[in-house]
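Heads up, the thing below is written out as structure tokens.
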Amino acid sequence: MNWSGRSLAGGCFAVIAALGAWSGQGHAQQAYPTRNITMIVPFAAGGPTDVIARIVTGHMAQTLGQTIIIENVVGAGGTTASARAARATPDGYTLITGHMGTHAASVPLYPNLAYHPEKSFEPVALLAGTPILILARKDFPAKDLKEFIAYVKANESKVNAAHAGVGSVSHVSCQLLESILKIKPVSVPFNGTGPAMNALVAGQVDYMCDQIVNAVPQINGGTIKAYAVATPERNPSLPDVPTTKEAGLPEFQAQAWNAIFAPKGTPKEIIEKVNAAAAKALNDENVKKRLLELGSVIPAPADRTPEALGTLVKSEVAKWTPVLKPAN
Ligand code: ASP
């Protein structure tokens, strides 16, 4: 399976939606959830994981009848937050929106990883596929992908690449690109591609490989350049951006994904309830519209079950381990 915005200013916490817990629910209060749910986002506010989590949980909060609080816990390519989520009480009140990095690629990259995506978590729901784009600051001296390749090869020691920490999607995707191009640029880590994108827009870093969600508003606003999307087809949200195949680098194919996980041992009824709320959110016209406008790929119903996510995680760990082990 090929699953491989800007946000509210500043603060680490944001209340997504507060709903009257009492509205018409009477004694159903006893059933999960009876209080606020914390959704850990393992990267800074304003990045793709944060934006997707906020869009989807905003709707899920209505279904579940409780506030979902987004808590951005940053560091170590999302693995700090994931370790914390893995250790949380498995009662459905602490969840995490992880992704291809935190719940697959981190395994070969962190020999002492404090959790294992399969053994420490219950898969809950796949939220979105996110094609990867090759992006650069708007005055980067290359007008298309061919020129970009020539330039970074000729100036390898001078160019730098922004990313969201070792094992993040932006890090792993650009590592793939750089191994294809056989270059080793200077690497500039951030706590998420929200802040990395700010640095790209400000012209402080040269290029980045990022999940599309972060980039569409910037590309359309002309504040950064997009050389190619690393999927077989163009993305409807960016009809003018060529695919890597069209632009002359068909070997570079990359699509990431974001999904909700719960600590291992979370009761099945709770997993099912959260999964159903996520599935309902993905069926909502407004949620769909917002995700599609940002270039996400909405999972087909068959891919939305906890079991399908478990299978995806297994296959992604198996896929990334041999690719990233040598780099490690
Ligand atoms: N794009 C991720 C975010 O900040 C970080 C990454 O994995 O690159 O949400």
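When a ligand or atom number is given, it counts from 1 through the structure's own listing order. In this text the structure is predicted, and so the values were computed from the model without any measurement. Along the sequence shown, the residues carry numbers beginning at 1.
Screening residues 132-144 for side chain to side chain donor-acceptor pair (under 3.5 Å) gives Arg137-Asp139, Arg137-Asp206, Lys143-Glu147 as the qualifying pairs, with residues at least two apart or on separate chains.
Ring to ring, His103 and Phe261 are close: their centroids are under 6.0 angstrom apart. Checked against the 6.0 Å centroid criterion, the rings of Tyr93 and Tyr32 qualify as a close aromatic pair. In this structure, the ring of His99 has its center less than 6.0 angstrom from the ring center of Phe43.
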Output, or 'none' if empty, a list of ligand 1-protein atom pairs in which both atoms are N or O and the distance is under 3.5 Å, rounded to 0.1 Å.
from	atom 1	to	atom 2	distance (Å)
ligand 1	1 (N)	Thr193	OG1	2.7
ligand 1	1 (N)	Asp210	OD1	3.4
ligand 1	1 (N)	Gln211	OE1	2.8
ligand 1	4 (O)	Thr193	N	2.8
ligand 1	4 (O)	Thr193	OG1	3.2
ligand 1	7 (O)	His99	NE2	2.6
ligand 1	7 (O)	Val169	N	2.8
ligand 1	8 (O)	Ser170	N	2.9
ligand 1	8 (O)	Ser170	OG	2.5
ligand 1	9 (O)	Pro48	N	3.4
ligand 1	9 (O)	Thr49	N	2.9
ligand 1	9 (O)	Thr49	OG1	2.8

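With respect to Lys289 and Glu285, no salt bridge is recorded, no charged nitrogen being found less than 4.0 Å from a carboxylate O. A salt bridge between Lys288 and Asp284 is absent, with no side-chain N of the basic residue lying under 4.0 Å from a carboxylate O of the acidic one.
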